[in-house]
Amino acid sequence: MTSRNPYLISLAQKPFDLLNCLEYLHHEGKGASDALVLLVGNHVNVRATEELCARHGLAYERLPEPDLYFAAVQRLIAKRVVSGLPLMLVKCLLLAPAYLWWLVMYVFAKLRLRNLRCEVLILDAWRSKCLYATAIHARRHVLTDGGYATLHYGLCQAFTAGGARALVRKSLAGQRPLLPGLIRYRFAREIDESSPFFTCYFDRLQGVPNVFANDYRMSRRWVTRKEVGDFVMVMGIPALKHIDDYLAAASTALSADPKGGSEGRPSGAPVQCPPVHYRFHPTDRNRAAMDVGYKSLIEEGVTKRGVDWSYPQYSLEFDFLTLDKLPRAIVSYESSSAMWLQQVFGEVIKVSVLPLR
């Protein structure tokens, strides 16, 4: 591990983590040279984040995934080694060694990162990152959004009630199987009660101390004028969940928009529904890379519904910053990415958020 002690260290497993890191650096008036990104794991989303680090000039290093249960079960499902009741049995048998492996990795982290120091350590409260965070000497911690998990685990409410420590405890208590108590309590104790929450959900935390507004100022600065195409994009949920509801919403996404397809249309003529493009969730990309059967299942499921589709290259945020042509409208589930779309492209794209998840 490098002996360099950067201003900021980011623990990252997906491109959205890197986006939060870059936005915070911009918020602090710092640049890429002030940061070190520690990439946890080796799955597709981690590799995409690595490419983005290289593209944006951020120093990075790799750390092994400490979550043995998650990694093993994911591969068992993808490779179809076992299924049904045998899979449930194998998952139960994995719990004990996975628990012990967390403790082994805790010792590994303490040895590997013992000389690493920084002014700011930025991370969401995900268990793999929290384990490594216990070994890094940081003067202060900054907690960030974890995507949908911020809403799913009620982290805004937890921060309102008890600050950073309450947020960490709430997040780690909701993740299954549980991180060993030693590691959970150790990290929660290291978090200062005044540690800030850098979040795009700042509007839900009005009047709460130690909240930094992530209004995606850097992303908005990066955006250049883009052409808006006559198509609607659906932001997919893993395994095509609620796909028909989302496609139905997409088919009427422009009906309330006076600009939506009305230009040049004779009075009284029927409104033409724009083409619909289905964008797979990054989780789909990750699983499809390991499981040919799953890849065929989801691709055929979208194709038979008569819409075209694509996988994300990196993530919604980084992909949209480089798109040549934007969709006229987007149908999405509620998430940090939907908040990003509304903040950055809300003036040119109609974003419809459905409650189904």
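Computed over heavy atoms, backbone and side chain alike; hydrogens, waters and symmetry mates excluded.
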Do [X] and [Y] pair up side chain to side chain, a donor and an acceptor below 3.5 Å, judged on atom types alone?
X      : Y      : answer
Asn20  : Asn214 : yes
Glu299 : Tyr278 : no
Thr144 : Asp124 : no

Is there side-chain contact between [X] and [Y], with heavy atoms separated by less than 4.5 Å?
X      : Y      : result
Leu25  : Leu8   : yes
Leu172 : Arg127 : yes
Val228 : Phe345 : no
Val211 : Phe159 : yes
Asp17  : Leu11  : no
Tyr333 : Tyr246 : yes
Phe16  : Trp340 : no
Thr150 : Phe197 : yes

Show the nearest heavy-atom pair for residues Thr49 and Lys14, with the distance to one decimal.
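That would be OG1-C, 3.0 Å.
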
Gln13 versus Ser128, closest heavy-atom pair with distance:
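Smallest heavy-atom distance, with atoms named: NE2-CB, 3.7 Å.
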
Spatial distance of atom [atom1] ([X]) from atom [atom2] ([Y]) [nearest 0.5 Å]:
X      : Y      : atom1 : atom2 : result
Arg204 : Phe202 : CZ    : CZ    : 11.5 Å
Asp67  : Leu179 : CG    : CG    : 8.5 Å
Leu19  : Ser315 : CG    : OG    : 7.0 Å

Does [atom1] belonging to [X] count more than 12 external heavy atoms closer than 6.0 Å?
X      : atom1 : answer
Trp102 : CH2   : yes
Arg176 : CZ    : yes
Asp244 : CG    : yes

Partner set under side chain to side chain contact (heavy atoms under 4.5 Å, CB included) for Lys241, not counting sequence neighbours
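Counting only residues at least two positions away or on another chain, Lys241 forms a side chain to side chain contact (heavy atoms under 4.5 Å, CB included) with Ile237.
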
The criterion is side chain to side chain contact (heavy atoms under 4.5 Å, CB included); which residues satisfy it with Ser337, sequence neighbours excluded?
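So Ser337 forms a side chain to side chain contact (heavy atoms under 4.5 Å, CB included) with Leu316, Glu317, Ser335.
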
Going by an N to O cut-off under 4.0 Å, is there a salt bridge joining [X] and [Y]?
X      : Y      : answer
Glu190 : Arg186 : yes
Arg140 : Asp192 : no
Glu23  : Arg217 : no

Would you mind listing the cluster partners of Met290? Hydrophobic ones only (ILVMFWY), side-chain contacts under 4.5 Å, chaining allowed.
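Via sub-4.5 Å side-chain contacts, Met290 links to none.
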
Measure the acute angle between the ring planes of Tyr24 and Phe212, then classify it against the limits of 30° and 60° as parallel, tilted or perpendicular.
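Tyr24 vs Phe212 ring planes: parallel.
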
Keeping Tyr69 on the side-chain end and Tyr99 on the backbone end, is there a donor-acceptor pair under 3.5 Å?
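The answer is no, because no donor-acceptor pair under 3.5 Å joins these two groups.
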
